[in-house]
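As a basis for the values below, the full set of heavy atoms in this structure was taken, side chains included, without hydrogen atoms, waters or symmetry mates. First listed ligand is number 1; within each ligand, the first listed atom is number 1. Being a predicted model, the structure only gives us computed values, none of them experimental.
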Amino acid sequence: MPIAVTGDDFRLDTATTSYWLRRTPFGHLEHLYYGPRLPAGDAEPVALKRTAVLGASVDYDPGDPLYSLDTLPLEWSGQGYGDYRFSPVEARMPDGVFASDFTYVGHEVVAGCVPIDTLPSAYDGDQTLRVTLADEATGVELDLYWTVFEAADVVTRRAVLRNAGSDRLTLRRLLSGMVDLPNRDLELHTFDGGWIKEAHRHVRPLTYGTHLNGSTTGASSNRHNPGFLLAESTATQDDGWVFGVNLIYSGNHLGVVELSNHDLARVGVGIHPDRFEWVLEPGEAFETPEMVLTVSDRGLNGASHHFHDFVGRHVVRGPWRDRERPVLLNNWEAHFFSFTESTLLDLAKRAKAIGVELFVLDDGWFGARDSDSAGLGDYEVNRRKLPGGLDRFATRLKRLGLDFGLWFEPEMVNEDSDLFREHPDWAVRTPGRRTTRGRNQLVLDLCNPKVQDHIIESVGRVLDSADITYVKWDMNRHVSDAYSPTLTHQGEFHHRYVRGLYRVLREIFEPRPHILLESCSSGGNRFDLGMLCFSPQIWASDDTDPVERLKIQEGLSYLYPPSTWAAHVSGAPHQQTLRATPLSTRFNVAAFGVLGYELDLKYLGRLELKELREQVDFYRRHRRTLQFGRFSRVRVPKGNKVQWQVVARDGASAVTGYFQTLAQASEGFDRLRVIGLAPTERYRIETRPQYLPLRRFGELVKHILPVELNPDGLVMRTAGKVRNVPDDVERYDASGAMLASGVLLHNQFVGSHYNEQTRLLGDFGSNLYVVELIDE
Ligand code: GLA
């Protein structure tokens with residue numbers, strides 16, 4: 001059994017990790033160890049020693065001068081008893097005092113998870129430890145939970161605070177959990193950004209003091225993802241200790257890492273305390289969201305693998321959990337708001353011809369939605385654009401052999417909408433204060449059960465009105481002016497909003513399991529484990545430039561598996577950066593994720609369409625591996641390269657992508673490593689065939705054509721429509737050990753020579769390589 005209780009010790013073991021704690025003589029919970037798995041045995045060697053009284057410390061009890069809360073590694077700490085580090089709890093207790101001291105009352109070990117009543121949580125855990133603590137002075141109780149997910153190497157934490165006192169308690173902060181980890185020269189890795197630059201990884205040394213990673217935008221936000229890592233400064237992708245933390249929650253969050261002057265790193269995460277206040281009358285309780293913890297001594301990839309397994313087996317749920325996701329075409333970048341049924345069907349036909357399986361109609365299909373300033377909230381089909389309604393459109397798509405998906409933004413409203421005219425009080429505004437807008441819209445008050453009911457009914461009605469198998473659920477602004485007339489205590493607004501959102505998602509999608517939900521928030525503004533409990537995939541970013549996506553998808557890969565990142569091939573120059581990138585690279589990056597297309601296919605020539613057909617075909621053949629295989633980042637010792645790989649779960653095949661950002665003159669050799677295969681098995685590794693357009697060669701075209709032509713002339717332009725150049729293909733048979741060491745690839749283009757064995761990457765070039773076990 002993964003949880004063992006012996007005397008005062010609680011030992012939680014997963015397949016490769018151990019998390020140990022114990023009860024102190026005064027009833028506090030002391031953290032003993034979190035790291036690679038230890039055999040059972042005396043914990044004393046790994047426990048923090050207290051053999052000297054430290055100057056300036058506050059003694060908890062006159063009987064033991066060595067016992068000071070400030071220097072103990074703890075699993076929970078209150079306030080007011082001499083621990084001056086960041087506390088996970090701040091409350092005006094029933095006696096009116098801002099102090100709390102939670103000590104042991106009892107514990108229980110139960111099978112499986114203990115689901116949270118008011119929030120989504122992880123499922124299929126192995127065992128849960130619940131320790132009940134109480135604040136002796138007031139009787140307020142605190143239940144702490146640790147759930148072990150043995151095979152995924154994850155332990156989750158959460159807290160429930162119960163006002164067992166006889167007067168009101170006001171909660172100002174309650175994190176989901178905290179733990180004091182002895183420092184091992186740790187660095188903090190956070191995933192930050194903004195619109196079109198989400199989840200960029202930032203690394204900083206953990207210096208003395210408090211480091212905060214939070215969001216107060218109402219959503220988990222594109223500014224700081226709730227997930228973060230603490231890695232030994234010497235850790236690499238494959239070696240060294242790495243701790244990972246995340247939170248199953250989609251609202252304001254706060255991650256805290258405080259390095260104390262005695263080298264303990266206090267790590268906590270939970271609901272952001274900013275403008276949070278929750279009143280608990282006697283007998284009432286508050287449940288926090290679930291904190292997720294992992295550790296690995298196999299580097300950053302090791303921690304990511306634990307997270308990927310946890311998300312795939314214990315967070316994402318329902319029939320789409322491990323079902324291959326369809327290749328879609330989304331009409332947004334092709335049309336924005338301007339389309340008719342016939343332009344849509346024309347695009348759909350072209351999409352079908354390249355192998356797309358699902359057509360997604362994005363914004364603009366309803367109400368007076370011809371721009372982003374009107375119509376939001378009115379989910380009645382716009383008959384001018386779709387005269388036969390959604391049903392007829394879906395039938396026509398079906399006839400083409402395509403499934404139908406639809407966009408909604410149900411949490412928002414334009415003032416110029418029937419919904420707002422009818423229910424102005426449903427929009428979030430603070431009476432007597434200025435109203436602020438984002439993208440010309442207001443937020444709907446999801447604290448209000450009537451608003452929740454309306455969304456459940458109006459979206460549900462549309463979903464039942466036609467054959468719809470996919471929904472893109474968008475949310476395009478940060479929350480401001482937070483206020484709900486339905487609340488007595490406005491400090492509850494943000495958390496009630498998130499709970500309202502979860503109710504709405506549950507009630508719409510639970511009865512409609514055939515629908516694949518993709519959530520979105522101006523791209524990745526709400527990419528978190530809470531949303532992943534409802535939507536198996538999330539639109540990672542409005543940025544479809546593959547060079548930018550290298551940073552975004554790589555950032556996400558530290559915390560979430562590829563089956564959760566939606567990634568599209570779009571037109572270039574890119575609508576977000578004006579950068580022009582090769583069509584092959586757009587695919588090679590998007591293939592690591594849930595593939596889609598988002599461009600106007602009528603502007604593509606015959607050769608490009610053929611290339612797209614081959615891309616979709618390739619993706620469909622390798623889809624199970626690309627979506628659900630074992631993803632790793634491969635270290636490349638060159639600043640202008642990125643390499644990713646994904647290995648099929650049976651280990652018999654793999655796909656790896658080698659990406660070059662900016663070209664360098666006369667580069668040395670490139671080494672392509674494929675890690676994690678069986679060392680003595682033999683594999684064939686081969687480049688995915690792809691093409692280079694003739695125009696890519698400019699004046700150099702004379703090297704590859706028998707006659708000299710003006711590179712900008714009519715003949716060349718016409719030739720470019722019917723002829724492109726196959727890119728270099730390499731093929732080797734090699735053992736798993738050789739692949740782990742690395743294949744040295746053909747030369748890159750260096751200006752002095754060109755033949756068909758030259759890798760022509762240039763700026764933003766890339767290749768995919770397929771690895772397959774040789775059946776001997
Ligand atoms: C957001 C989304 C886009 C698109 C538009 C439609 O920006 O992120 O993908 O759906 O809204 O208005």
Practice problem: Please verify whether a non-hydrogen atom of His568 lies at under 4.0 Å from ligand 1. | Solution: no
Exercise. Would you check the N or O atoms of Arg439, main chain and side chain alike, for any that come under 3.5 Å of an N or O of ligand 1?
Key: yes
Exercise. Answer yes or no for Arg549 and Phe592: cation-pi contact, defined as NZ/CZ to six-membered ring centre under 6.0 Å and angle to ring axis within 45°.
Key: no
Quiz prompt | Those atoms of ligand 1 less than 4.0 Å from some heavy atom in Trp539 | solution = 8 (O), 9 (O)
Exercise. State the atoms of ligand 1, each with its element, that fall below the 4.0 Å cut-off from a heavy-atom position in Lys472.
Key: 3 (C), 4 (C), 9 (O), 10 (O)
Exercise. Can you sort out which atoms of ligand 1 are near Gly523, meaning under 4.0 Å from one of its heavy atoms?
Key: 8 (O)
Quiz item: Using a heavy-atom cut-off of under 4.0 Å, does the side chain or the backbone of Asn476 touch ligand 1, or both, or neither?
Solution: side chain
Practice problem: Just do the side chain to side chain contact (heavy atoms under 4.5 Å, CB included) check on Leu300 and Leu229 with the steps written out, would you? | Solution: CA-CA 9 Å; Leu300 296 157; Leu229 306 174; 3.8 Å; yes
Quiz item: What is the ring orientation for His454 with Trp426, classed by angle as parallel under 30°, tilted 30 to 60°, or perpendicular over 60°?
Solution: tilted
Quiz item: Does NZ or CZ of Arg688 fall inside the cone over Phe618's six-membered ring, less than 6.0 Å from its centre and within 45° of the axis?
Solution: yes
Quiz prompt | Options Asp543, Val360, Asp474, ranked by nearest heavy atom to atom 1 (C) of ligand 1, top entry | solution = Asp474
Quiz item: Got the closest protein heavy atom to atom 3 (C) of ligand 1, with its distance?
Solution: Asp542 OD1, 3.5 Å
Quiz item: Between Phe404 and Lys398, is there a cation-pi geometry (under 6.0 Å to ring centre, at most 45° from the normal)?
Solution: no
Quiz item: Taking only heavy atoms of Ser522, which atoms of ligand 1 are found under 4.0 Å from at least one of them?
Solution: 8 (O)
Practice problem: Name all pairs fulfilling the salt bridge (charged side-chain N to carboxylate O under 4.0 Å, His left out) condition that reach into residues 531-546, sequence neighbours left out, sorted by first residue then second. | Solution: Asp545-Arg579
Self-check item: Which segment of Cys520 sits under 4.0 Å of ligand 1 when only heavy atoms are counted
Solution: side chain
Exercise. Name the closest protein heavy atom to atom 12 (O) of ligand 1, giving the residue it belongs to and the distance to 0.1 Å.
Key: Asp363 OD2, 2.6 Å
Self-check item: Option among Leu532, Asn525, Thr564, Leu517 that satisfies the side chain to side chain contact (heavy atoms under 4.5 Å, CB included) test with Ile538
Solution: Leu532
Practice problem: Return yes or no for this condition: an N or O of Phe337 is under 3.5 Å from an N or O of ligand 1. | Solution: no
Quiz item: So which heavy atom in the protein is nearest atom 4 (C) of ligand 1, and how far is it from that ligand atom?
Solution: Asp362 OD1, 3.3 Å
Quiz item: Within a radius of less than 6.0 Å around CZ of Arg433, do more than 12 heavy atoms belonging to other residues, nucleotides or ligands occur?
Solution: no
Quiz prompt | ring-ring contact (aromatic ring centres under 6.0 Å, His included) partners of Phe527, counting only residues at least two apart | solution = Tyr560
